[in-house]
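Report on one structure; see the data block that follows.
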Amino acid sequence: MRIATWNINGIKARLGQLEQWLRQEEPDIVCLQEIKTVDEGFPRAEIEALGYNVETHGQKSWNGVAILSRLPFDEVTRGLPGDEEDEQSRLIEGVFSVEGGIVRVCNIYLPNGNPVDSPKFPYKLAWMDRLIAYAESRLSLEEPFVLLGDFNIIPAPIDAHDPEAWWGDALFRPESLERFRRLRNLGLTDALRAVTDEPTYTFWDFQAGAWRRNAGIRIDHLLLSPQAADRLEDVIVHKDVRGWEKPSDHVPVEGVFTL
DNA sequence: ATGCCTCGGTCTCCGAGA
């Protein structure tokens with residue numbers, strides 16, 4: 001089974017690229033972030049025509065997440081618990097039946113948090129605290145659990161082309177990294193780092209020739225419960241997609257599992 | 001240089017992204 005994450009940066013602007021990638025790769029489950037539309041605006045029929053079930057958690061203009069799956073959804077959960085006031089659509093989770101059990105797939109778009117002297121940074125940190133509590137409860141189920149998406153976290157210096165330039169940014173500073181470590185220390189495996197020690201990027205800024213210079217960062221991650229990590233075969237970063245016409249600034253990252 | 005692109009909205013500019 002192949003489970004992918006892709007910050008699509010606007011589903012309406014990227015439908016052609018998504019259709020092409022789905023036709024080409026035929027992944028089983030695709031988790032999208034930044035769909036930037038309400039649920040009614042998602043091109044559901046076009047994606048269903050390619051053989052996918054579609055569940056969305058959208059909002060107007062910004063954020064928004066979706067899961068596309070060849071398997072039917074057994075359950076769907078929308079939104080991160082822990083703050084009644086939070087109206088941003090950044091989490092959707094699906095449960096799927098597989099041979100001999102289930103897989104639980106939680107798709108997140110973790111807040112960026114910049115600028116750090118604005119309310120956006122404490123929002124990011126509070127969101128991460130809520131995510132840690134959520135992940136802890138999911139891990140207690142002892143299921144194959146895949147927590148994936150755009151984490152807006154650079155885990156380590158090797159995950160940035162120019163780590164010194166990023167240090168202090170909301171993606172790469174002590175308060176953010178401390179929470180990311182706490183999340184992993186619950187018992188989650190960083191899938192990419194389970195298969196390679198090589199510098200690997202998943203995002204290249206639109207600006208300043210970042211793609212041409214390979215000035216990327218790794219911020220799109222798959223974190224795995226022990227039951228999912230046991231079944232991990234490989235991780236594929238679809239870097240070529242960044243070179244397509246009118247690309248997203250993120251590329252698809254895919255986990256291959258013996259599920 | 002708190003920009004350099006690119007998105008969505010209502011829109012010919014602005015906020016947000018990272």
Side-chain angles (χ1 to χ4, degrees), chain A residues 5-19 21 31-44 56-66 86-91 107-125 127-128 131 148-177 179-180 192 199-221 237 239 241-253:
Chain A
T5 174
W6 191 8
N7 181 320
I8 195 86
N9 191 3
I11 184 64
K12 293 170 187 171
R14 218 75 60 203
L15 180 59
Q17 292 89 328
L18 175 61
E19 288 175 319
W21 192 72
C31 295
L32 301 176
Q33 304 88 37
E34 284 204 89
I35 61 174
K36 295 186 177 181
T37 178
V38 293
D39 295 334
E40 296 73 26
F42 193 92
R44 168 180 291 272
T56 61
H57 184 40
Q59 73 178 78
K60 191 178 176 183
S61 306
W62 294 303
N63 309 319
V65 284
D86 187 1
E87 294 184 342
Q88 300 188 27
S89 298
R90 295 179 175 276
L91 183 150
N107 173 21
I108 64 164
Y109 176 44
L110 205 150
N112 175 297
N114 282 306
V116 294
D117 59 357
S118 77
K120 292 178 182 182
F121 189 55
Y123 174 71
K124 175 180 194 155
L125 299 181
W127 205 93
M128 293 188 78
L131 181 65
L148 78 172
D150 177 356
F151 282 70
N152 273 314
I153 291 284
I154 299 168
I158 194 178
D159 297 310
H161 176 265
D162 186 355
E164 289 179 6
W166 281 98
W167 185 246
D169 189 278
L171 281 64
F172 192 46
R173 59 184 290 125
E175 303 92 326
S176 311
L177 295 183
R179 284 166 176 81
F180 189 68
L192 189 282
T200 307
Y201 308 136
T202 65
F203 168 92
W204 295 262
D205 202 292
F206 288 123
Q207 305 186 62
W211 169 242
R212 178 177 46 77
R213 298 187 293 116
N214 193 31
I217 51 178
R218 186 172 75 95
I219 56 175
D220 300 276
H221 308 299
V237 178
K239 186 175 176 181
V241 174
R242 186 63 178 77
W244 287 8
E245 201 71 23
K246 278 197 68 177
S248 170
D249 37 10
H250 299 248
V251 297
V253 182

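Each chain gets a letter, A, B and so on, in the order its sequence line appears, and its residues count up from 1. The structure displayed is predicted, hence computed values, not measured ones.
Counting non-hydrogen atoms under 4.0 angstrom, A:Y109 reaches the backbone sugars and phosphates but no base. Among the heavy atoms of the strands lying under 4.0 Å from A:A208 is at least one base atom, whether or not backbone atoms are also near. At a threshold of 4.0 angstrom between heavy atoms, the contacts of A:N7 are confined to the sugar-phosphate backbone, with no base atom among them. Residue A:D150 is classed as a sugar-phosphate contact, given heavy-atom separations below 4.0 Å to backbone atoms only.
Spacing between B:dC7 and B:dT12 at atom C1', rounded to whole Å, works out to 16 Å. Of the P atoms belonging to B:dC14 and B:dG3, the separation is 13 Å, rounded to the nearest Å. Taking atom P in both B:dC13 and B:dC4, one finds a spacing of 15 Å when rounded to whole Å. Between B:dG8 and B:dA18, the two P atoms lie 14 Å apart (nearest whole Å). Comparing the P positions of B:dT10 and B:dC5 gives an interatomic distance of 26 Å, to the nearest angstrom. Separating the C1' atom of B:dA16 from that of B:dC11 is a span of 16 Å, rounded to the nearest Å.
A side-chain donor from one of A:E34 and A:N7 sits under 3.5 Å from a side-chain acceptor of the other. Between A:N63 and A:S89, the side chains place no donor N or O within less than 3.5 Å of an acceptor N or O (distance only, hydrogens not considered).
Phosphate proximity of B:dA18 to A:N152: present, with a side-chain N or O under 4.0 Å from OP1 or OP2. Side-chain nitrogen and oxygen atoms of A:R14 include at least one within less than 4.0 Å of the OP1 or OP2 phosphate oxygen of B:dC7. Contact check, A:K120 against B:dA16: a side-chain N or O comes under 4.0 Å of OP1 or OP2. At B:dC7, one or more side-chain N or O atoms of A:K246 fall inside 4.0 Å of OP1 or OP2 (strictly under the cut-off). Side-chain N/O atoms of A:H250 include none lying less than 4.0 angstrom from OP1 or OP2 on B:dG17.
When each of A:W167, A:W166, A:F151 is paired with A:F172, the ring-ring contact (aromatic ring centres under 6.0 Å, His included) condition holds for A:W167 and for no other. Of the residues A:D150, A:N107, A:N9, the one that meets the side chain to side chain donor-acceptor pair (under 3.5 Å) test with A:Q33 is A:N107.
Base-pair partner of B:dT12: not found among the strands shown (Watson-Crick or G-U wobble, both distances under 3.5 Å). Nucleotide B:dA18 forms a pair with no other nucleotide shown, judged by Watson-Crick or G-U wobble geometry with both contacts under 3.5 Å.
Where A:E34 and A:F206 each meet DNA chain B at their nearest nucleotide, the meeting point lying more 5' is that of A:F206.
At whole-Å resolution of the value, CG in A:N63 and P in B:dG8 are 13 Å apart.
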